[in-house]
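Below you'll find the structure, written out as structure tokens, and then a few comments.
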Amino acid sequence: MAEIAKPSVQAFLVCDQVIEDSLTKKKTLVGIFTHLQAAAFPFQHQHMGLYFCLTDAEGTYHFDIDLVYLNSEQLVCRATLPNIVIADRLQISDFGINIPSLIFPAPGRYEFRLRMDSHLIAQKDFTVVQMQPPPKPPS
């Protein structure tokens, strides 16, 4: 069995939503972020999108995406994508995934990890912070 080519990851971004045009297949990333704010924990974030772009890939690939709470290395969730077939190493392939709801257990740093056949190929971290209540006006 021939060894499958390890793709080169050109981009791995976290946003609020990925929209794909049905005709052109172009992706629009809405609300790219590095920080989320939450009033209380556990915090449920209603919509989250992931975008990744690959090149130098050829064959059938199996991808998993893990969300890890870095403060404790706790696995928050894992998503398994349908197998992806890429026909040509010179092709640029991009993918957008929308996650309907995620629960963050506590403030701190989180990281999405993109794995191909169990090998880590990309990671993107972001911070979830506790919002401070507005200051009370002087009396």
Side-chain angles (χ1 to χ4, degrees):
M1 181 172 145
E3 185 173 320
I4 194 159
K6 181 181 175 192
S8 172
V9 179
Q10 302 297 307
F12 190 36
L13 299 170
V14 182
C15 60
D16 290 326
Q17 183 179 16
V18 180
I19 301 168
E20 182 175 317
D21 184 284
S22 60
L23 294 176
T24 66
K25 302 301 180 198
K26 288 181 179 179
K27 317 274 183 307
T28 299
L29 307 183
V30 179
I32 296 171
F33 63 83
T34 57
H35 291 78
L36 283 179
Q37 293 187 346
F41 290 89
F43 165 60
Q44 182 172 0
H45 192 63
Q46 296 299 326
H47 301 283
M48 190 170 285
L50 287 175
Y51 170 84
F52 62 99
C53 180
L54 308 172
T55 188
D56 200 26
E58 187 173 17
T60 301
Y61 293 89
H62 174 83
F63 290 102
D64 292 306
I65 298 173
D66 293 342
L67 176 60
V68 177
Y69 179 42
L70 291 178
N71 296 47
S72 64
E73 283 297 313
Q74 171 190 351
L75 179 66
V76 176
C77 75
R78 171 172 287 153
T80 298
L81 305 182
N83 281 351
I84 296 170
V85 178
I86 299 174
D88 182 355
R89 282 184 93 122
L90 299 178
Q91 175 180 331
I92 298 170
S93 302
D94 65 344
F95 305 92
I97 300 152
N98 287 304
I99 304 163
S101 180
L102 282 173
I103 296 177
F104 296 92
R109 286 187 55 215
Y110 290 81
E111 181 175 79
F112 279 107
R113 296 176 180 169
L114 179 63
R115 296 184 186 279
M116 178 206 77
D117 299 324
S118 300
H119 299 289
L120 182 66
I121 61 168
Q123 53 208 85
K124 176 63 181 149
D125 68 324
F126 60 97
T127 304
V128 180
V129 296
Q130 175 105 36
M131 285 190 300
Q132 299 302 318
K136 293 185 177 175
S139 40

With Asp66 via side chain to side chain donor-acceptor pair (under 3.5 Å) - residues at least two apart: Arg78, Arg115
Shortest non-hydrogen contact from Phe41 toward Ala38: CZ-CB, 3.6 Å
Test item: Tyr110 side-chain N/O and Asn71 main-chain N/O as donor-acceptor pair under 3.5 Å: no
Residue from Tyr69, Phe33, Phe12 passing ring pair (Phe, Tyr, Trp, His ring centres under 6.0 Å) with Phe126: Phe33
4.5 Å side-chain heavy-atom contact, Leu114 and Phe95: no
Gln123: side chain to side chain donor-acceptor pair (under 3.5 Å) partners, not counting sequence neighbours: Glu111
Those residues that, when tested against Thr24, pass side chain to side chain donor-acceptor pair (under 3.5 Å) (two or more places apart): Asp21
Side-chain heavy-atom pair Gln17, Asn98 within 4.5 angstrom cut-off: yes
Donor-acceptor pair, side chain of Glu20 and main chain of Lys26, under 3.5 angstrom: no
Residue pair Phe112 / Ile65, side-chain heavy-atom distance below 4.5 Å: yes
Members besides Val30 in its Ile/Leu/Val/Met/Phe/Trp/Tyr cluster (side-chain heavy atoms under 4.5 Å): Ile19
Parallel, tilted or perpendicular: ring planes of Phe43 versus His45, cut at 30 and 60 degrees: tilted
Main-chain N/O of Leu23 paired with Lys25 side-chain donor or acceptor, under 3.5 Å: no
Cluster companions of Val18 among Ile, Leu, Val, Met, Phe, Trp, Tyr (side-chain spacing under 4.5 Å): Leu13, Leu29, Ile32, Tyr51
Side-chain cluster (under 4.5 Å, hydrophobic types only) that Leu70 belongs to, other residues: Val68, Leu75
